[in-house]
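One structure is given below, encoded as structure tokens.
Protein chains get the first letters and strands the later ones, always in sequence-line order, with residue 1 at the start of each.
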Amino acid sequence: MTQSVITQAPADGADVAVAASNPRLRWILLAAGLVAALALPWFVYPPVAMDIVALALFAIALDILLGYTGLLSFGHAAFWGSSAYVTGLIATHYGLPFPVAVIGGAVFAMILALPIGYVSVRRSGIYFAMVTLAFAQMVYFIGYQWSDLTGGENGLQGVPRSFFGIEAVETDSFYFYYAALPILLFGMWAAWRIVHSPFGRVLVSIRDNAPRARALGYEVDKYKAVAFVLSAGLTGLAGGVFAISHGFVALTELHWTTSGDVVLMTVLGGIGTLWGGIVGAFLTVMLADYLASSGFHGIDLITGSVFVLVVLLFRRGVWGTVRHQWNSRRRRRTTSGEGTGR
Amino acid sequence: MSAVVQYAVQGLAAGSFYALAALGLAVIFGVLGVVNFAHGAFYMLGAVATAVLLDTLDLTLWWSLLVVPVLMFGFGVVVELLLVQWLLRLDPLYNLLLTFGLTLVLVELVKQRYGVSGLPYRLPGGLQGRVDLSGVVLPRYQLFVLLFSVAVCVLVWLVMTRTRIGMIVRAATEKPELARALGINVGRWVTPVFGFGVALAGLAGVLAAPFRAITAEMGNNFAIILFAVVVIGGLGSIVGAVVAGFLVGLVEAFGQAYAPTFAQILIFVLMALVILIRPAGLFGRQEATT
Amino acid sequence: MRAAIRTRALTKVFRGFRAVDEVDLEVREGSVHALVGPNGAGKTTLFNLLTGFLSPTSGTITVLDEDVTGLPPERVARRGVARSFQITSLFDTLTSREHVELALQGHTRHGFRFWRSERLLGRHRARVDELLEQVGLMPLADKQAGLLAYGQKRALELALVLALDPPVMLLDEPTAGMGIEDVDRTIDLVRRLAAGRTVVFVDHNMHVVGSLADRVTVLQQGRILAEGGYDEVRTDERVITAYLGEAEHA
Amino acid sequence: MESKRKWACASALTVTMLLSACGGGGPGSSGGDFTGDKLVLAVLNDQSGIYKDASGPNSVKAVKMAVADYQNKYGDKAVVTKIEVTSTDHQNKPDIANTKAAELYERGGADVILDVPTSSAALAVANQAKNHKKLFLDVSAATTALTGAQCNKYTFQWAYNTYLLANGTGATVTRNGGKKWTIIYPDYEFGQNMTKSFTDAVTKAGGTVQETIPTPFPNENFATFLTKAGSGNPDVIGTMQAGGDLINLVKQFNESGLKDKGVELAVGLMLINDIHSLGVEQFAGTLFTDPWYWNQDPEARAWADRFLAETGARPSFEHAGNYSAALQYLEAVQAAGTDDADKVVANLEGKKVNDVFLRNGEIRATDHSVVHDANLARVKKPADVKEDWDYEEIVAKIPAAEGFPPAEASGCSMKP
């Protein structure tokens, strides 16, 4: 069994550090991203805009595992969905302001991730994918049957959007967007922080070569488990905001197709890029939104084909490809002697 | 007492589907290193093909048991040549993603072509009715499914142990380092083995046709349970896949009989326990430490 | 003098095949100890057992008088045993500098600091520079490991082992695939490093074994065939027979 | 206008975070009797997933038929000349249904949303209807919550609910001689509720429920459950399964030998499209509640002929329900002379209606449940089928008063 490393061959991997290599470019990108996030609800129906940003954080959280630790979780719907339910329950029963409820949901997702992560990280690669999928399915069944709490297939309806009595936010999804955006941006920042921390460095080393990391004294399973829990927490933040934004939670949030959707977003955008998650979420949500009133029925036909094509032909994903092109052009321009130093 | 025997036989019959399909999954994994997410979709296609062949060409179940696996073998070969083989040199997760996408496409295509309600299928006369085994009454077809799939598993086992091709496949599946050491070139067996695994999934689908709803989505839940089966059995093991298939069938049946609310969760609990106690699965080869 | 490594009846069976068979090995503290033997003699398996990458079927392992039998690799590493790998084993997307930083951090709990910037790792800068200088990789400090030449990768392997500053170093074929110049440089390097430590290494190159090893253990078919000083072992008849049988492959 | 105000507000917001300054703002009214001088009927349903056949695209056609009938009937006297019918696919995802409903009300100019299968989606849309003060006429979703705990002023449940399915089948079959029951149900909200209703109905009609057996969902293998159910020698096995699980169960029931022993199978929910796809052979003899059958009387048949000409298929009760809901909505608009939701609701409430779909229909004011007579049907044997889609034999009428729960019991309170 080869160690599972879902990255490019080494020669391609050369761009991983590059975004960091050009601080000015990074600031430009960040500024552009922020402007785009602020402007989004003017161009896109605000609840759809909210979906995009929430799912973008979901995809980014998944990428911490997939792109930076080399673990493909096919069961992240468990954390997204359970946080959505817990957030909804807190908001409904305690009437707390929604950010508090969202944090509660995220904490619950992390608690749930502890046992699942503990068991799952004992297997890597393909096994990990299958085991997480199976556990998520278990959580789904529990959600289905525990209808006293979850409302079963009716969903948890009428989740309030309480926000310190500020009516605009509570009733108008346009203003709600701006109230919820900071939570999601915080989540994205946290993901970036995690990836570019001493911890993130260890994760990358595990992705590249886990036995070697062990030989250096790193308890690989513990690192994987912590990454899993952190990823689940960020996923939970996104799921909680999603629940509040929609005002209800449905069982589909726990379903394995939700896990599949977010994997698609991450892969489509580009594994191991963070920015890719945003691009992937944007494209996927806009596609579903467009198809709803397009008269074309059979979204899975498109989704599935995109999956196959991306995996066969554009494994770098949209963002990864753009970055690769940019970097190889830049490399050609600059002399090779400088290397890719920072 | 007779109830227990009855549940056991029913469980084993339900396990037959898992065993056959998991066997295909295990062989594909062994030789190609690919976890075929589309295995559930291939199972579904087997059932759909059976129904369509009856409808259009009036092929009965007996013929379908022969024809459909051959068709599925051909389809598997096409899928391998067109899609899977391009990713074999890369991380196996890419093929998992590829076959996931393929699943979405196949399910949607069947939905578009044959509708969402499902397809009709009639059991051939000879297999209708029931048999009475000293107080334990069973549908004749259930017994047939059980005996037939055990026979197939035995046959596959004989092929694996008695023929040269079988030895090569088995060596590649269970002792890759040995296969390499012996200088066996597994390469040219890759495509037919994929086809063979797909054919087994299709065969499980044929057997399911008379007894289960033939819908585009019938393979989805099946595939997830199948994953639990191979994790329990140990992915690298052919025997493990079969034994775990029947075992999960039994767990399901007894769970349904005595703790229906937890029947489905039980399988995943079993999986978690196996991972905790024997990470490589009940029959799995202990991997070199990761 | 106490033993840096001691095994008692150490055995590893793979599906009936006894890769390591009742091995009693003793490596004296502060010595440079070579393991030699034909291919398939069990050298790498023994290495994997000593570092926790395999758990033994039976027998015990002690490192500096502490029982480490069955401990996972990271725990063995924390007991002060560092190893290099026969087949170059690096983190392809990290730079040389990042590799060494990672190795330096391995002893600490700082690896879990997900809320800090990775610039925190810059605190090791002086030591990193020193280590890279030692193995001659300073000019390539910011190059990704995946892009390094083969010999450079071997050098980085050594730098990693050094960074752990271990009492016991296990080097799996440190000179494999190197040109003569590199081999000599590596011999020098290992000799310098060996001061104050215990070194166990595997190598097929008898020149390397001869110039470095205080003691040599010859393995064949999982068993110890002979043990002693280099000259002693070299002239041992059983060893000669074993190697002659192997000669056509060598 | 609206968006300009938002632009200004939000720009201010991003700079100064003066959130509360920008609240309020009513719906932009154009001053006439009809917003935008037109009426928009939005069909929001599943055009691609498992509910596609029973409702889906053909429900849109049914609604268009209703619009045409309205225009033919009133001609020049129609209070509104421009009527649009839009179609949106919620892809069977409640999230999309929710967002699309809000968008349809806010930006699509929708005056009413129709259909919406899947209970979680329908409940979310009901909430949007309440918030936007626009109408929602549910046809395909069966949850009693829509007319119970989560009812609201702007939501009506037009065709059926789980209570009808359970009560109709349970009471009628018991009265016809099936006294001893065993119930197999999927262990989730819908199944649990229906089992409760079923048990009540059976007991009230003088029967007994010996055993209720929960099953996982989804589930392929019912052999064990059927063995258990058969061990009590019941007269009737009632099942609440639906879709693929129902087919699994029926196939395995047929093989289990229970049928030969004279055990009847009574199903909560079955759709004619399922029978059509799978053939009558599998289901022959099965009892179930059908809120409306295309061949139940000449009037229904006449409309079904038109529908056949339009779509190439016979209508399910959901298609007819959508037609009826659209038609009665248009009638109410005609009577009110405006698309103002409150006035239309006032007109609908308490109305007694008879049309192609509704027999002895009443749009109850108390809980907005539209009650009407329904049928207990039995699937015909293959030999008795005389034409395409001729699958059902009506065993008994289920009077509205018996099929639907009494209004007092609904637990609905319209007060916001």
Open item on the list: So for A:Val263, is it side chain, backbone, both, or neither that comes closer than 4.5 Å to the heavy atoms of chain B?
Closed with: side chain
Task: Contacting region of B:Leu109 [heavy-atom separation from chain A under 4.5 Å] - done: both
Open item on the list: How long is the straight-line distance from CG of A:Asp300 back to CG of B:Leu106, given to the nearest 0.5 Å?
Closed with: 11.5 Å
TODO: Considering non-hydrogen atoms only, spot the tightest contact between B:Pro279 and A:Arg122 and give its length.
DONE: CG-NH1, 4.1 Å
Open item on the list: Are A:Gln137 and B:Asn221 packed together at the side-chain level, in the sense that at least one heavy-atom pair is separated by less than 4.5 angstrom?
Closed with: yes
Task: Exercise: identify the closest heavy-atom pair between B:Gly33 and A:Ile126 - done: O-CD1, 3.9 Å
Open item on the list: Need one label for B:Leu276: side chain, backbone, both or neither, based on atoms under 4.5 Å from any heavy atom in chain A.
Closed with: both
TODO: Go through the atoms of B:Phe100 and report whether side chain, backbone, both or neither lie under 4.5 Å from a heavy atom of chain A.
DONE: side chain
- [ ] Measure the CG-CG distance between B:Leu104 and A:Leu264 for me, rounded to the nearest 0.5 Å.
- [x] 8.5 Å
Open item on the list: Just so I understand: if I count every heavy-atom pair under 4.5 Å between each of A:Val131, A:Ile302, A:Leu309 and chain B, which residue has the most?
Closed with: A:Val131
Open item on the list: Rounded at 0.5 Å granularity, tell me how far CD1 in B:Ile275 sits from OH in A:Tyr127.
Closed with: 11.0 Å
Open item on the list: Please give me the minimum heavy-atom distance between A:Arg123 and B:Ala280, naming the atom from each residue.
Closed with: NH1-CA, 3.7 Å
- [ ] Verify the neighbour count for atom CZ of B:Phe254: are there more than 12 heavy atoms of other residues, nucleotides or ligands below 6.0 Å?
- [x] yes
TODO: Check whether more than 12 heavy atoms from other residues, nucleotides or ligands sit under 6.0 Å from atom OH of A:Tyr290, and answer yes or no.
DONE: no
TODO: Quick one: pull up CZ in A:Phe307 and OG1 in B:Thr99 and give me the separation to the nearest 0.5 Å.
DONE: 9.5 Å
Task: Side chain / backbone / both / neither for B:Ile225 at chain A, heavy atoms under 4.5 Å - done: neither
Open item on the list: In the structure I gave you, are the side-chain heavy atoms of A:Arg315 and B:Leu90 within less than 4.5 Å of one another anywhere?
Closed with: yes
Task: Test item: B:Phe37 and A:Leu133 side chains (from C-beta on) under 4.5 Å apart, heavy atoms - done: yes
Task: Close side-chain approach of A:Met138 to B:Val269, heavy-atom, < 4.5 Å - done: yes
- [ ] Using side chain to side chain contact (heavy atoms under 4.5 Å, CB included) as the criterion, point out the one residue from A:Val311, A:Leu312, A:Val267 that pairs with B:Tyr94.
- [x] A:Val311
- [ ] Answer with side chain, backbone, both or neither: which region of A:Val310 has an atom nearer than 4.5 Å to a non-hydrogen atom of chain B?
- [x] neither
Open item on the list: Rounded to the nearest 0.5 Å, what separates atom CG in B:Leu226 from atom CE in A:Met130?
Closed with: 9.5 Å
Open item on the list: At a 4.5 Å cut-off on heavy atoms, which part of B:Val231 comes close to chain A: side chain, backbone, both, or neither?
Closed with: side chain
Task: Among A:Thr303, A:Val308, A:Ile299, residue most engaged with chain B (heavy-atom pairs, under 4.5 Å) - done: A:Val308
Task: B:Val230, part contacting chain A, at a heavy-atom distance under 4.5 Å - done: side chain
Open item on the list: Less than 4.5 Å apart, side chain to side chain, heavy atoms only: is that true for A:Phe135 and B:Met271?
Closed with: yes
Task: B:Leu96 versus A:Ala129, closest heavy-atom pair with distance - done: CD2-CB, 3.5 Å
TODO: Evaluate whether atom CZ of A:Phe282 has more than 12 neighbouring non-hydrogen atoms of other residues, nucleotides or ligands under 6.0 angstrom away.
DONE: no
- [ ] Pick one of side chain, backbone, both or neither for A:Phe128, based on which atoms fall under 4.5 Å of a heavy atom in chain B.
- [x] neither
- [ ] Under 4.5 Å heavy-atom distance to chain A, tell me which part of B:Asn95 shows up: side chain, backbone, both or neither.
- [x] neither
